[in-house]
Amino acid sequence: MNILYLVPHVPNPTKVRSYFQIRGLLDAGHQVTVATLTRSSEDDKRLSQLHQMGCTLLWEPLSKPMALRNCLSALLSGLPLQARFAWSEALMQKIETHLESNPPDVIHVEHLRMAAYGMRLASKWTVIWDAVDHLTTLYEQAAATSFSRSWKLIARLEAPRLKKYEKWLVGQFPTTLVISQRDKELFGHDSEFADRIYLAPLGLPLTPPTNVPRDEHTLVITGTLNYHPNVASVLYFVREIYPLVLRQHPEIKLQLVGANPVPAIAALQSPQITITGFVPSINDYLQRATVALAPVIYGSGIQVKVIEAFSNATPLVATSVALRGLDVCDKEHVLIANTPVDFANAINDLLADADLRQRIGQAGRQYVEQHHDLRTTTQNLIEIYERTLNLSGLATIN
């Protein structure tokens, strides 16, 4: 099958959904052309990686002034800022030129930010919108709980616009993909197009468990550290929970592992807190950590940090918000805690009990093997493509 994949960020292992969906499609023998936007010199390196994987590439730069103009245009028109943020007429023209000589079977459009491209192409091609998760819910939570005043203001502006727009978008495409059952329910609620929404779970390539010895006194939080829900989660943990853990375990260290730490995160660097910045492999840190943490206070979709901890058999303490969309059980796959005291107590329980750490870690690994193996999720995605093609009649499978 020939797939044109539109994504707002250059796919890379830290943008797990798109990167591994593309990798899964390539591994299964399909042709993939990626159309995307670049924002930094790091993106140029990632484009090279995609090319080496076997992708054909279409890209254009998205500068900060362009993004700002796009947001202003959306603001004046009453659209969500997200709806116009990633628009590039140059990229659109490059895509249309490419399609004249390279007709795809399916156009896969990821994220609300790229939906405008998909709508312009939908009259001629089979276009699937991969919403990933329900942004309205994310922004409603951010409006109530974000530590950042600016994010609260943006979220309060954006949430009502997103609510109307996301519901409308589902009706513009023959198929909408979401990452979790909970997101499927949110998009389908009170929608006449609920039968167009399909679950496309997050998939990761699973490697055999390693025998790397774990550190005895290391906690780890992973995730891109300029993404506002991750920033809020880290600040919540460091301010509210970590001091409680240190009372019983003054030797315990915290690693914050992720790219692009904002100043509020960088300022946390201390003898007890390490901020890594970008690392080639998050798995290396998870495999050595004593306990992984997901102190998420707001978010949407499935938390990649949770799946990554599970896949590395690293015992995890998480809030209920972090486990949204997953069918996991407290004290079986993970320890669930929703208050600072309970979260600290759960960490202390794991630190004090090696057998408990082993049991929780192995159960998490088994869960990922059953539900998030990239080979299985890729086959599910191809079946959705084929079903959509059979219904649309716009194209046939090569």
Given the rule that I, L, V, M, F, W and Y join up when any side-chain heavy atoms are under 4.5 Å apart, are [X] and [Y] in one cluster?
X	Y	answer
L326	L186	no
L135	L153	no
I282	V212	no

Qualifying salt bridge (Lys or Arg N to Asp or Glu O under 4.0 Å) pairs, either residue in residues 207-217, two or more places apart: none
Does the ring of Y285 carry R288 above it, NZ/CZ under 6.0 angstrom from centre and within 45° of its axis? yes
Run I22 and V34 through side chain to side chain contact (heavy atoms under 4.5 Å, CB included) and show every step you take. CA-CA 9 Å; I22 291 166; V34 175; 3.7 Å; yes
Taking [X] for its side chain and [Y] for its backbone only, find out whether a donor-acceptor pair lies under 3.5 Å.
X	Y	answer
S270	Q272	yes
D183	I179	no
R357	L350	yes
T290	T218	yes
D353	D349	no
Y117	A86	yes
H51	L47	no
N230	N226	no

Applying side chain to side chain donor-acceptor pair (under 3.5 Å), can you list everything that pairs with [X], at least two apart in sequence or on another chain?
X	answer
R365	E369
T339	D342
E332	none
T137	H134

Within a strict 4.5 Å, meaning less than it, do heavy atoms of the [X] and [Y] side chains meet?
X	Y	answer
Q21	E110	yes
L75	L157	yes
M119	L169	yes

Set out, in order, the CA-CA distance, both residues' side-chain angles and the distance that settles salt bridge (Lys or Arg N to Asp or Glu O under 4.0 Å) for E89 and R120, then state yes or no. CA-CA 11 Å; E89 187 64 34; R120 188 146 139 182; 2.8 Å; yes
Give the intermediate values and the outcome of side chain to side chain contact (heavy atoms under 4.5 Å, CB included) for residues D133 and V178. CA-CA 6 Å; D133 46 33; V178 292; over 6 Å; no
Would you please name every residue forming a side-chain contact (heavy atoms from CB on, under 4.5 Å) with A232, sequence neighbours left out? F147, I297, Y298
Restricting to side-chain contact (heavy atoms from CB on, under 4.5 Å), what partner residues turn up for E383, sequence neighbours left out? Q379
Output a table of donor-acceptor pairs, distance under 3.5 Å, between side-chain atoms of residues 56-73 and any protein atom two or more places apart or on a different chain; print 'none' if there are none.
unit_1	atom_1	unit_2	atom_2	d
E60	OE2	K94	NZ	2.9
S63	OG	M66	N	3.2
N70	ND2	M66	O	3.4
N70	ND2	R84	O	3.2
N70	ND2	F85	O	3.0
N70	ND2	W87	O	3.0

When rounded to the nearest 0.5 angstrom, what distance separates [atom1] in [X] from [atom2] in [Y]?
X	Y	atom1	atom2	answer
L335	F343	CG	CZ	9.5 Å
Q287	N211	CD	CG	10.0 Å
L381	L177	CG	CG	6.5 Å
W129	L6	CH2	CG	14.0 Å
N312	E308	CG	CD	8.0 Å
Q366	H371	CD	NE2	11.0 Å

Let me see the working for D373 and V368 under side chain to side chain contact (heavy atoms under 4.5 Å, CB included), right down to the final yes or no. CA-CA 7 Å; D373 187 319; V368 168; over 6 Å; no
Do [X] and [Y] have a side chain donor and acceptor closer than 3.5 Å?
X	Y	result
S41	D44	no
H108	D130	yes
S320	N338	yes

For residues 189-209, run the donor-acceptor check on the side chains, cut-off 3.5 Å, and write out each pair with its distance to 0.1 Å, sequence neighbours left out.
unit_1	atom_1	unit_2	atom_2	d
S191	OG	F193	N	3.1
R196	NH1	G171	O	3.1
R196	NH1	F173	O	3.2

Please report the shortest heavy-atom distance between [X] and [Y], naming the atom on each side.
X	Y	answer
I336	T319	CG2-C, 4.3 Å
L112	A83	CD2-N, 3.6 Å
V109	M114	CG1-O, 3.0 Å
A35	L91	CB-CD1, 4.5 Å
A74	L81	CB-CA, 4.0 Å
L286	A309	CD1-N, 4.0 Å

With V238 as reference, evaluate I241, L235, V234 under the side-chain contact (heavy atoms from CB on, under 4.5 Å) test and give the passing residue. V234
What side chain to side chain donor-acceptor pair (under 3.5 Å) pairs are there with at least one residue in residues 24-36, not counting sequence neighbours? none
Name all pairs fulfilling the side chain to side chain donor-acceptor pair (under 3.5 Å) condition that reach into residues 231-243, sequence neighbours left out, sorted by first residue then second. none
Under 3.5 Å, sequence neighbours excluded: what are the donor-acceptor pairs made by side chains of residues 243-265?
unit_1	atom_1	unit_2	atom_2	d
H249	ND1	E251	OE2	3.4
E251	OE2	H217	ND1	3.4

When you check the gap from the basic side-chain N to the acidic O, do R161 and E158 get nearer than 4.0 Å? no
Under the side chain to side chain contact (heavy atoms under 4.5 Å, CB included) criterion, do Q303 and R324 qualify, and how do the steps go? CA-CA 8 Å; Q303 297 290 319; R324 179 181 176 273; over 6 Å; no
Do the ring planes of F310 and Y367 sit parallel (below 30°), tilted (30 to 60°) or perpendicular (above 60°)? perpendicular
Within 6.0 Å of NZ in K152, more than 12 heavy atoms from elsewhere: yes
